[in-house]
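By convention in this document, chain letters (A, B, ...) are assigned in the order of the sequence lines, proteins followed by strands, and residues within each chain are numbered from 1. The analysis underlying the following values was restricted to heavy atoms, covering all of them including side chains, and did not include hydrogens, waters or symmetry mates.
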Amino acid sequence: MPELPEVETTKNKITPALQGQKIVRVEVRQPSLRWIVSPEIMRLKNETVHDLSRRGKYIILTLDHGYLVIHLGMTGFLKIVDANTPIGKHDHIDLVLEDGKILRYNDIRRFGSWQWFENIEDCILIQNLGVEPLSDDFNSAYLLNRFKTKKIACKIAIMDSKIVVGVGNIYASEALFLAKIHPETPANQLNIKQINDLVSSIKAVLLKALKEGGTTIKDFQQSDGKIGYFVQQLNVYGRQGKKCYVCGTLIESKVLGQRNSFFCPACQKK
DNA sequence: CAGAGCTCCTGAATGC
DNA sequence: TGCATTCAGGAGCTCT
């Protein structure tokens, strides 16, 4: 389940193989993703990949005449393969490059998306995104301001991509644990210290995962096909009923906003 | 506008 | 052993 560090890692891994390369053709075996893959994408050819960037969990390929915007959803991953690599189950899209290499998209649950925009300004989904968590724009003053009218649980609020991007379910629980904040605390009731702690915890959790090369549970694979290895370092996620590493209290779980949340009831008081 | 709930999908885990 | 049910989850969309 790619979160921001996984997406960043993926982007960095595939960049050398793509940058400056011309797209020979695109093979779409399964167009039915989060949104139907558009005809423009299927017809892409003779477009050079000038640049790869990331905004939130979107990977953006800058081509000659537009932008290819890719989201990995929950189970999507991109890898660079040779021309003769057999097509596996759930290998939905191939971007065939001039040098024979292929950018291959695999997505078991098809929650991901491939979209085409002539102008990136037309991509409303990206235009509406909140700040990048690892940028200076994501700071205490910003979060305090955005939270002051939010009565929802802070766990749900930090996962709202209109506020801050890239904080998925795993890292939301982890960051709240580090900040010693109960996930159900209403966002507008966090005090200054808690806001400070939350901001630095989110940055710390994401940076750590980034350094590790992206977490990885079950479905996520790095673009070279290697399975990640960060899962064992999670403090609370998926650990309900097990002892808190800090105080020994049993970790609890509770569904908030349709998502399971994990916390230590002793370390993270309401 | 804010917030709650629904939805897409497959495979692993669980239940009987 | 096998079939049916449940759960997981990013995030846009619908409804209140």
- line: Which of B:dC6, B:dG11, B:dG3 is nearest the side chain of A:I108? It is B:dG11
message: Ring centres within less than 5.5 Å and planes less than 30° apart: is that true of A:F111 and C:dG10 in this structure?
response: yes
- prompt: How long is the line joining CG of A:N128 and C1' of C:dG10, in whole Å?
  reply: 16 Å
- request: Ignoring backbone atoms, establish whether A:K151 has a side-chain N or O less than 4.0 Å from OP1 or OP2 of B:dA2.
  value: no
- prompt: Within the pair A:K150 and B:dG3, is there a side-chain N or O less than 4.0 Å away from OP1 or OP2?
  reply: yes
message: Closer than 4.0 angstrom, basic N to acidic O: yes or no for A:K22 and A:E47?
response: no
task: Ignoring the backbone of A:S161, work out which of B:dG11, C:dG12, C:dG10 is nearest its side chain.
output: C:dG12
message: Quick check against the 3.5 Å criterion: does A:E174 have a side-chain atom that pairs as donor or acceptor with the backbone of A:V205?
response: no
- prompt: Side-chain N or O of A:R110 less than 4.0 angstrom from OP1 or OP2 on B:dT10?
  reply: yes
Candidate nucleotides C:dG10, B:dA4, B:dG11, ranked by approach to the side chain of A:H90 - the nearest: B:dG11
message: Check the phosphate of C:dG10 against A:H71, side-chain N and O only, distance under 4.0 Å to OP1 or OP2. Yes or no?
response: no
- prompt: Mapping A:S32 and A:Q258 onto DNA chain B by nearest heavy atom, which one lands closer to the 5' end?
  reply: A:Q258
message: Can you measure A:R34 atom CZ to B:dT10 atom P for me and round it to whole angstrom units?
response: 15 Å
- prompt: Ignoring hydrogens and angles, are the base of C:dA8 and the side chain of A:R109 linked by a donor-acceptor pair under 3.5 Å?
  reply: yes
query: Between A:R239 and A:N235, is there a donor-acceptor pair closer than 3.5 Å when you use the side chain of the first and the backbone of the second?
result: yes
- prompt: Quick one: A:R259 CZ to C:dG10 C1', roughly how many Å, whole number?
  reply: 7 Å
message: Looking only at side-chain N and O atoms, does A:K155 offer a donor or acceptor that is under 3.5 Å from a partner on A:N169?
response: yes
- prompt: Rounding to a whole Å, what distance do you find between A:I163:CD1 and B:dG3:P?
  reply: 9 Å
Atom-pair distance (CD1 on A:I59; P on C:dG10), nearest Å: 16 Å
- prompt: Do the side-chain N and O atoms of A:Y58 and A:R54 include a donor-acceptor pair separated by under 3.5 angstrom?
  reply: no
message: Quick check on B:dA2: is either OP1 or OP2 less than 4.0 Å from any side-chain nitrogen or oxygen of A:K162?
response: no
query: Any luck finding a side-chain donor-acceptor pair between A:H50 and A:D64 under 3.5 Å?
result: yes
message: On a heavy-atom basis, which atom in A:L143 and which in A:V199 lie closest, and how many Å separate them?
response: CD2-CG2, 3.8 Å
query: So what does A:L125 touch, heavy atoms closer than 4.0 Å: a base, only the sugar-phosphate, or nothing?
result: sugar-phosphate
message: Would you say A:N260 places a side-chain N or O within less than 4.0 Å of OP1 or OP2 belonging to C:dA8?
response: yes
Sequence neighbours excluded - ring pair (Phe, Tyr, Trp, His ring centres under 6.0 Å) pairs with any residue from residues 178-199 of chain A: A:H182-A:F263
field: Interatomic distance, A:L72 CG vs B:dT10 C1' [rounded to whole Å]
entry: 17 Å
field: d(NZ, A:K155; P, B:dG3) in whole Å
entry: 16 Å
- request: Quickly work out the A:N188 CG to B:dG3 C1' distance and round it to whole Å.
  value: 13 Å
- prompt: Looking at five pairs on each end of the helix from B:dA2-C:dT16 to B:dC16-C:dG2, what is the angle between the two axes, given to 10 degrees?
  reply: 60°
